[in-house]
Structure formats: C-alpha cells, structure tokens
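Report on the following structure.
Here the structure is a predicted model, which is why all the values come from computation and not from measurement. Numbers restart at 1 for each chain; the letters A, B, ... are given by sequence-line order, proteins then strands. Note that these values count all heavy atoms, side chains included, but never hydrogens, waters or copies made by symmetry.
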2 protein chains.
Amino acid sequence: MSLKEKLAELNEKGCTLTIQRHAVLEYLYENRTHPTVEEIYYSLKEKFSTISKATVYNTLELLNNYGLIQEITIEKGKLHFDYEVKPHHHFFCHRCNHVYDVDVVECPLAGKKMIDGHKIEELRPYIIGTCSKCL
Amino acid sequence: MSLKEKLAELNEKGCTLTIQRHAVLEYLYENRTHPTVEEIYYSLKEKFSTISKATVYNTLELLNNYGLIQEITIEKGKLHFDYEVKPHHHFFCHRCNHVYDVDVVECPLAGKKMIDGHKIEELRPYIIGTCSKCL
DNA sequence: ATCTAACATTAGAACAATTCTAAGTCAAGA
DNA sequence: TCTTGACTTAGAATTGTTCTAATGTTAGAT
Ligand SMILES: [Mn+2]
Ligand SMILES: [Mn+2]
Ligand SMILES: [Zn+2]
Ligand SMILES: [Zn+2]
C-alpha cells in the first residue's frame with residue numbers, strides 16, 4: 001500500500017493530517033529496516049528540530065491503531081515498527097540486534113479468525129537466532 | 001520434563017543448585033500462567049522474604065541460557081516466562097493482558113535449522129487478540 | 001575441620017524505555 | 001474575532017531492567 005493511499009485513508013477516517021504524522025509515516029515508508037522509536041525520533045529531529053518524543057510515541061500508537069503500521073515486540077524492552085502490515089515472519093539476530101523480514105513462510109493460521117475461542121486480531125511470528133552476516 | 005529432571009540437568013552441567021534457583025524453577029513449574037518477573041518476585045518474596053529482584057532476574061536469565069525455561073516477549077515492555085520450552089504458540093489478550101497457550105497449531109518452521117541464510121535458534125509464534133473470557 | 005578463592009545473593013542506585021502532565025499552539029466553525 | 005477541541009511540546013514521572021559494591025555461601029585444597 002502506497003504512502004499516498006495510507007495518508008488518504010487516515011484523512012477519510014477523520015484523522016487530522018499534521019506535519020508530524022506525515023513525517024512519521026513517511027519515515028517508515030522510506031526506512032524498511034524496522035526502526036526503533038529512538039531511531040525514528042532522532043532521524044526526524046534532524047530535519048525537524050522541534051518534534052517531541054511524546055508526539056512520536058503518540059503518532060506511532062495512532063497509526064498502529066488505524067492498522068496502518070505494525071508494532072514489533074521481538075526485542076526485549078524496546079519496540080520496533082514496520083510500514084508493512086501484511087502478516088510476515090520477522091527474524092531477530094541477538095548478536096547485532098537487527099530485525100529481518102522472512103517472506104517465504106506460509107503460516108497455517110493465515111486467514112483464521114478464531115482459535116481456542118479467542119479472537120485473532122494479529123499474527124506475530126517471530127524467529128530468534130544469528131543472522132547471515134553475523135555467522 | 002519434570003522438575004527433578006531439570007534440577008538434575010542443572011546439577012550435571014555444573015551449576016550450583018542454590019535455594020533461590022530451586023525456588024524460581026519450582027515456581028514456574030507450579031505456575032503455568034506465563035508469569036511476569038514482578039509476579040514471580042512478589043510471590044517468592046512471601047515465602048522467602050530476603051530474595052532480591054536481582055537474583056530473580058539473574059536466575060531467570062541463567063535458566064533461560066541453559067534452555068530450561070522460555071522467555072516470552074509478547075507483551076510490550078515486560079517479560080513473561082514459561083516452564084515449557086517445547087515450541088508452541090502463545091496468545092496475548094490485549095484486554096486482560098493474559099498469555100495463553102495455543103497447542104493445536106503445527107508450525108511449518110518446526111525442525112528447520114536455517115532460513116534465508118540465518119541460523120534459527122528459537123521460534124516465537126505469537127498471536128494477539130481478545131481472549132474468550134473477554135469477548 | 002579449616003582455609004580460601006570463586007561464585008551467588010542482597011539492597012538499592014542507575015539506567016533506559018515509555019507514559020504522563022500541564023502549558024502552549026493551531027485550526028475550523030460560530 | 002472568539003471559542004472550542006485537537007495536537008504538540010518539554011520535561012517530569014513511572015516502569016521495567018541492569019549494574020554495583022558489600023556480604024554471604026559453597027566446594028575444593030590443605
Ligand atoms: Mn517486516
Ligand atoms: Mn506456554
Ligand atoms: Zn546479526
Ligand atoms: Zn482477555
């Protein structure tokens with residue numbers, strides 16, 4: 001889904017399109033490395049010196065609630081974010097702390113709405129290990 | 001794997017079996033609710049008033065490194081732990097913050113050693129949603 | 001049995017990530 | 001123009017985790 005489409009969807013749903021929100025979403029669009037909040041905040045601060053950490057947190061939560069971005073809890077104690085919301089596996093290297101996409105795998109839960117009586121809203125298939133660069 | 005077997009394995013591998021380590025492992029053996037560090041610490045403190053938070057953290061890390069327990073990063077910002085190490089799906093209810101086991105699912109990655117050139121060391125298949133009780 | 005060196009535990013300080021607060025800014029409608 | 005509600009800001013507060021330095025315990029050597 002393109003950046004324009006996501007911005008349009010936000011707008012349609014009645015959400016104010018502030019310059020900060022545009023900047024956060026655009027940053028995620030351009031940086032597909034699954035950045036942390038810190039990375040997003042300091043990168044945006046370079047071009048946009050008055051942006052505050054609270055706004056970055058608020059915006060990421062808002063975009064996540066609208067289903068336009070994805071929160072990743074693969075690394076203990078800190079959040080990563082992903083522009084891509086289509087479910088896919090993530091690989092975390094505990095040596096270099098990078099998060100990689102793993103596109104290949106087909107998940108047997110894909111499309112399922114319920115499991116054990118619980119309502120499925122999001123799949124987060126994570127894999128931990130040592131990445132190809134670190135091996 | 002029984003508690004006795006895990007304690008024996010620890011001992012064989014040359015790890016000192018202190019009363020605190022025994023208590024942490026036993027707590028996880030008896031409480032299969034995927035407790036947080038806080039829950040473990042305060043529960044142990046009731047029977048064992050001098051145990052310190054640092055020891056609980058150290059012990060959980062040690063047991064995890066020996067592969068005798070499993071760390072769960074499904075909830076943002078805090079760790080849960082599991083006595084069961086055999087890979088299985090976890091379901092997190094974002095309404096009541098409980099972590100449930102989901103036994104049914106067969107993972108296509110089970111047994112795989114490598115993916116995209118990365119070395120797989122652990123699978124963490126997580127599902128987010130609303131649990132049966134909260135629905 | 002005693003000594004000793006390595007290892008483990010403790011309390012609390014330090015740290016890092018996130019959330020909260022209160023004041024200031026902005027924009028749209030009356 | 002004025003009002004109202006929504007958004008942003010800086011920094012304080014809170015939460016979860018790690019570090020530190022002092023103390024306690026263990027196991028092997030004597
Ligand atoms: Mn991704
Ligand atoms: Mn489990
Ligand atoms: Zn790596
Ligand atoms: Zn629930």
Nucleotide [N], atom [atom2] - distance to [atom1] of [X] in whole Å:
X: A/Leu60; N: C/dA17; atom1: CG; atom2: C1'; answer: 13 Å
X: A/Leu79; N: D/dT15; atom1: CG; atom2: P; answer: 17 Å
X: A/Glu61; N: D/dC7; atom1: CD; atom2: P; answer: 13 Å
X: B/Ile51; N: D/dG24; atom1: CD1; atom2: C1'; answer: 15 Å
X: A/Glu38; N: C/dT18; atom1: CD; atom2: P; answer: 9 Å
X: A/Asn58; N: D/dA10; atom1: CG; atom2: C1'; answer: 13 Å
X: A/His80; N: C/dA16; atom1: NE2; atom2: P; answer: 16 Å
X: B/Lys45; N: C/dT10; atom1: NZ; atom2: P; answer: 8 Å

Result of checking A/Thr18, A/Ile19, A/Leu63 against A/Val24 for side-chain contact (heavy atoms from CB on, under 4.5 Å): A/Leu63

Does the gap between the ring centers of A/Tyr126 and B/Tyr126 come in under 6.0 Å? yes

Taking only side-chain N and O atoms of [X], does any of them lie within less than 4.0 angstrom of OP1 or OP2 on [N]?
X: B/Thr55; N: C/dT10; answer: yes
X: B/Thr16; N: C/dC7; answer: no
X: B/Gln20; N: C/dT10; answer: yes
X: A/Tyr57; N: C/dT18; answer: yes
X: A/Lys76; N: C/dA16; answer: no
X: B/Thr50; N: C/dT10; answer: yes
X: A/Thr18; N: D/dA6; answer: no

Between A/Val37 and B/Ala54, which is nearer to the 5' end of DNA chain C once each is assigned its nearest nucleotide? B/Ala54

Residue B/Lys78, side-chain heavy atoms: nucleotide from D/dT9, D/dG16, C/dT18 that is nearest: D/dG16

Choosing from D/dT8, D/dT9, C/dT9, which nucleotide comes nearest the side chain of A/Arg21? D/dT8

With heavy-atom distances below 4.5 Å as the criterion, would you say the side chains of A/Arg124 and B/Arg124 are in contact? no

Base, sugar-phosphate, or nothing for A/Thr36, non-hydrogen atoms under 4.0 angstrom? nothing

Plane angle bin for A/Tyr29 and A/Tyr83 - parallel if under 30°, tilted between 30 and 60°, otherwise perpendicular: perpendicular

Quick one: sort the A/His88 and A/His90 rings into parallel, tilted or perpendicular, breaks at 30° and 60°. perpendicular

